[in-house]
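Shown next, in structure tokens, is the structure this report addresses.
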Amino acid sequence: MAVPILKSTSSPEAWPALPLEDWKPTYHNLHMWTQIVGKVRLALAARTNHWWSVPFYVNARGLTTSPIPDGKNVFEIQFDFIDHKLQIDRCDGLRTTLALEPRTVADFYSEFMSTLRSLDVDVKIYAKPVEVQEPIPFAEDRLYRAYDADAAYRFWRILVSCDSVFKQFRARFLGKSSPVHFFWGSFDMAVTRFSGRRAPERPDADRITREAYSHEVISAGWWPGGGAVKGPAFYAYAAPEPAGLAKQQARPEAAFYHPEIKEFILMHDEVRSSPAPERTLLEFLQSTYEAGATLGGWERAALEVTQAAA
């Protein structure tokens with residue numbers, strides 16, 4: 001099975017800067033807006049293992065839910081970061097849009113749910129965010145009246161570039177692998193490889209975590225940063241983490257193991273400033289996978305595309 005080689009580009013447009021402090025209000029609002037839309041897909045789509053029925057996917061204009069079933073119809077919701085609108089398309093040709101513009105989370109939630117009702121989409125969602133500290137119900141969130149269109153566009157362009165590289169990395173694996181997808185709960189893009197073995201039970205974990213990590217995985221992704229990581233970054237981790245993983249040296253040299261979050265980290269700016277960002281990112285993905293798979297005793301010969309085939 002031949003794996004095409006990505007063309008490398010150091011174009012600032014393909015790998016733009018996105019300093020965390022510069023777009024925090026927009027980051028907050030966009031995170032909440034994607035959660036509101038994502039919860040509609042969660043409520044209506046058929047449940048799939050590891051919660052693969054809930055994420056979004058990158059497309060040529062933004063992020064899409066993919067088709068969502070609703071009785072005799074299907075509809076699709078897209079965040080368009082070129083024209084800055086939320087677009088809802090129904091299979092009978094009906095199209096409705098909402099402007100992505102400075103507004104509060106509460107305002108967006110009210111208009112979006114009203115629009116769904118006008119389309120005869122009868123859906124109830126858990127109207128409070130998940131995977132965030134001090135969650136505010138959507139209808140009460142008036143923290144920011146914000147939407148920086150340029151920052152949103154740059155955020156999406158990073159996802160576009162990540163999507164291509166992550167798919168290249170995914171193509172090197174013959175075993176079970178997740179799609180490349182964007183999780184609105186944690187607001188990150190990820191791709192996950194599986195060893196094929198079940199993981200030890202996590203009796204104290206919530207049901208979301210138990211389902212997500214029911215099998216041994218090595219996962220990698222990108223997110224805008226936060227908490228202990230003060231800017232956008234790529235990450236990689238193994239679950240369960242094999243003994244000795246924290247002592248492994250990931251590549252490139254700028255990558256490091258973060259003891260607080262127990263993940264390998266490569267800051268986004270290290271990738272974007274390198275002469276060949278795609279190769280630099282692939283090196284990080286491959287080296288962290290190899291470290292986790294080797295220490296974890298994965299059957300690598302059976303799971304990986306050989307160099308000759310690639």
Side-chain angles (χ1 to χ4, degrees), residues 27-59 61-81 85-100 103-143 156 159 178-192 205-214 221 223:
Y27 177 8
H28 170 84
N29 279 7
L30 198 53
H31 190 181
M32 296 301 99
W33 298 352
T34 58
Q35 288 215 13
I36 292 165
V37 173
K39 285 169 179 281
V40 172
R41 187 181 185 208
L42 171 63
L44 296 177
R47 190 67 52 85
T48 306
N49 57 335
H50 314 301
W51 304 104
W52 291 353
S53 53
V54 304
F56 297 160
Y57 311 98
V58 167
N59 67 13
R61 299 194 68 88
L63 288 168
T64 178
T65 59
S66 76
I68 300 172
D70 181 45
K72 63 182 179 65
N73 292 314
V74 298
F75 65 98
E76 184 170 354
I77 308 173
Q78 174 180 252
F79 284 87
D80 182 336
F81 294 121
K85 60 187 179 182
L86 185 79
Q87 182 168 295
I88 307 173
D89 286 298
R90 203 166 66 183
C91 61
D92 59 1
L94 184 64
R95 171 174 292 177
T96 302
T97 62
L98 285 71
L100 297 179
R103 61 165 76 190
T104 65
V105 171
D107 290 343
F108 178 91
Y109 173 68
S110 176
E111 183 176 356
F112 174 69
M113 297 305 290
S114 176
T115 300
L116 288 183
R117 289 191 292 271
S118 74
L119 297 173
D120 296 323
V121 176
D122 183 18
V123 60
K124 293 182 179 179
I125 66 171
Y126 178 64
K128 193 174 182 179
V130 295
E131 299 186 55
V132 297
Q133 294 182 343
E134 300 178 359
I136 304 171
F138 300 132
E140 301 172 16
D141 186 344
R142 297 179 177 84
L143 284 179
W156 166 67
L159 296 186
S178 76
V180 177
H181 43 202
F182 180 84
F183 279 103
W184 40 263
S186 47
F187 208 68
D188 67 324
M189 170 164 276
V191 62
T192 304
D206 59 69
R207 68 187 186 96
I208 295 175
T209 302
R210 288 198 303 271
E211 175 58 31
Y213 298 108
S214 60
W223 96 114

Can you tell me how far [atom2] of [Y] sits from [atom1] of [X], rounded to the nearest 0.5 angstrom?
X    : Y    : atom1 : atom2 : answer
E211 : R47  : CD    : CZ    : 9.0 Å
I125 : L42  : CD1   : CG    : 9.5 Å
M189 : L159 : CE    : CG    : 5.0 Å
D188 : F183 : CG    : CZ    : 7.5 Å
M32  : T34  : CE    : OG1   : 7.0 Å
Y126 : Q35  : OH    : CD    : 10.5 Å

Basic-acidic side-chain contact under 4.0 Å: R103, E111:
yes

Pair T209, D206 - check side-chain hydrogen bond (donor to acceptor under 3.5 Å, both in side chains), show working.
CA-CA 5 Å; T209 302; D206 59 69; 3.2 Å; yes

Would R90 and T96 count as a side chain to side chain contact (heavy atoms under 4.5 Å, CB included) here? Give the steps.
CA-CA 9 Å; R90 203 166 66 183; T96 302; over 6 Å; no

Determine whether [X] and [Y] make a side-chain contact, defined as any pair of heavy atoms from C-beta on separated by less than 4.5 Å.
X    : Y    : answer
L44  : V121 : yes
I68  : V74  : no
K39  : V123 : no
T104 : L143 : no
L119 : I88  : yes
W156 : V58  : yes
K72  : C91  : no
L63  : W184 : no

Can you classify the ring geometry of H50 versus W52 as parallel (below 30°), tilted (30 to 60°) or perpendicular (above 60°)?
tilted

Geometric class of the F56/F182 ring pair [parallel <30°, tilted 30-60°, perpendicular >60°]
parallel

Please indicate whether D122 has more than 12 foreign heavy atoms, meaning atoms of other residues, nucleotides or ligands, lying under 6.0 Å from its CG.
no

Do you know the tightest heavy-atom contact between [X] and [Y]?
X   : Y    : answer
A43 : K124 : CB-O, 3.9 Å
S53 : A45  : O-CB, 4.0 Å
P55 : W51  : CD-O, 3.4 Å

Passes side-chain hydrogen bond (donor to acceptor under 3.5 Å, both in side chains), E76 versus S66? Steps please.
CA-CA 6 Å; E76 184 170 354; S66 76; over 6 Å; no

Working note: F112 + D107, criterion side chain to side chain contact (heavy atoms under 4.5 Å, CB included); need CA distance, chi angles, decisive distance, verdict.
CA-CA 9 Å; F112 174 69; D107 290 343; over 6 Å; no

Might you work through the side chain to side chain contact (heavy atoms under 4.5 Å, CB included) test for W33 and L100, ending with a clear yes or no?
CA-CA 10 Å; W33 298 352; L100 297 179; 4.0 Å; yes

Do N59 and Q78 pair up side chain to side chain, a donor and an acceptor below 3.5 Å, judged on atom types alone?
yes

Please find out if less than 6.0 Å separates the ring center of F108 from that of F138.
no

